[in-house]
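One structure is given here, and the rest of the page talks about it.
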Protein chains: 2
Amino acid sequence: MTYQCDEKKAGDVEFRCYFQLAIMVIGGKWKPKVLFHLGQNGAVRFGALRRAVFGISEKMLIQSLKELEKDGLVHRKVYRQVPPKVEYSLTDVGESFVPVLNAMYDWGRSYASYLIASQQSGCGFEAGKALQNLDELVKVAENSVA
Amino acid sequence: MTYQCDEKKAGDVEFRCYFQLAIMVIGGKWKPKVLFHLGQNGAVRFGALRRAVFGISEKMLIQSLKELEKDGLVHRKVYRQVPPKVEYSLTDVGESFVPVLNAMYDWGRSYASYLIASQQSGCGFEAGKALQNLDELVKVAENSVA
DNA sequence: TATGGTACTTACTAAAAGGTATGTATTGCG
DNA sequence: CGCAATACATACCTTTTAGTAAGTACCATA
């Protein structure tokens with residue numbers, strides 16, 4: 001694998017490296033989070049997804065879903081009813097990315113362990129591994145929430 | 001796993017979900033690419049890294065490396081010589097992210113296969129798998145490079 | 001002392017991404 | 001027909017990120 005990869009093309013998409021192609025499709029501030037939530041739950045309504053992805057605006061959710069649908073990772077199903085209902089779900093291509101998302105989640109746990117271990121010397125820690133009582137260690141006391 | 005995760009804290013870092021923590025540390029336009037290149041090659045000089053990460057400016061490379069060093073994923077070694085030489089390499093924590101980067105690279109290959117298969121019906125394709133002659137199919141003819 | 005190469009720092013500008021507010025379309029109920 | 005709820009579209013503004021250019025520090029050599 002060379003550094004400055006040659007220009008490549010698949011479909012209408014031009015890229016230099018398969019890694020860059022992946023980043024182009026699922027990178028950015030919101031798309032990874034949207035995909036992650038869709039990966040955790042089957043079909044989800046727009047409103048439920050809006051509430052699930054912490055901090056996202058309507059406009060960015062819509063934009064992210066449009067791009068993911070266009071790129072073939074997300075399926076949009078309209079129910080012609082009252083009130084209006086639209087469900088989003090992952091396609092096979094989208095599902096194939098879920099292991100990567102889960103790997104990132106697992107790495108996040110191991111990184112949280114690393115942060116805690118760095119704060120307390122003598123705390124048994126191995127890179128890539130999560131502490132056993134991690135969920136307890138990261139808990140924030142109720143009254144200290146900003 | 002709930003949608004709107006409770007606030008968590010590890011070290012000085014506050015987050016709601018381990019996935020979000022991962023995104024905070026290795027997300028953004030350049031850090032994934034910098035990490036990916038460091039993962040492919042051992043210790044790399046600043047200048048070599050600059051040339052390897054296609055399109056990055058000096059300022060953004062420096063900023064990305066500073067953040068990655070601060071977060072414990074990258075190690076910086078200064079050689080006091082002429083001309084000046086600094087080498088960057090992954091720490092154990094950084095190395096632990098390499099499997100995720102490689103998974104993204106592999107997914108990129110399968111996505112490129114999907115794009116090609118979508119363009120040509122009847123082309124055998126399975127989500128998550130790369131076509132066997134992918135590298136040939138994505139090649140761009142010399143004279144068609146923009 | 002001047003020099004050159006590398007790896008930065010800093011200030012300012014430009015571009016990209018994201019957010020807010022207002023408005024629209026749709027369906028079926030009362 | 002009017003209404004309500006949901007899921008958007010659109011325009012404009014704000015924030016964030018990134019890029020460019022000029023400058024600096026360091027070391028050892030000539």
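Throughout, a chain's letter reflects where its sequence line sits, starting with A, and its residues are numbered from 1.
- For B:S110, there are no side-chain hydrogen bond (donor to acceptor under 3.5 Å, both in side chains) partners, not counting sequence neighbours.
- Between A:I56 and A:F54 there is no side-chain heavy-atom pair separated by less than 4.5 Å.
- Contacts between residues 55-66 of chain B and DNA chain D, defined by a heavy-atom separation below 4.0 Å, involve B:G55, B:S57, B:K59, B:M60, listed by number.
- The interatomic distance linking B:R50 (CZ) with C:dT6 (P) rounds to 12 Å, in whole Å.
- Within residues 79-88 of chain A, the residues having any heavy atom under 4.0 Å from DNA chain D are, by residue number, A:P83, A:P84, A:V86, A:Y88.
- The CE-P distance, from A:M24 to C:dA17, rounds to 12 Å in whole Å.
- Sorted by first and then second residue, the pairs that involve residues 5-35 of chain A and meet ring pair (Phe, Tyr, Trp, His ring centres under 6.0 Å), not counting sequence neighbours, are A:F15-A:Y18, A:Y18-B:Y105, A:F19-B:F36.
- Between A:R45 and A:E87, none of the side-chain N atoms (NZ, or NE/NH1/NH2) sits under 4.0 Å from a carboxylate O, so this pair counts as no salt bridge.
- Between A:F97 and A:V100, the closest side-chain pair of non-hydrogen atoms falls below 4.5 Å.
- Nucleotides of DNA chain D lying under 4.0 Å from heavy atoms of chain B occupy a range whose first and last members, 5' to 3', are D:dA18 to D:dA28.
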Atom pairs under 3.5 Å, N or O on each side, protein against nucleotides 13-16 of chain C: can you list them with distances?
none

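- Looking at A:V25 and B:W107, their side chains come closer than 4.5 Å, going by heavy atoms from C-beta outward.
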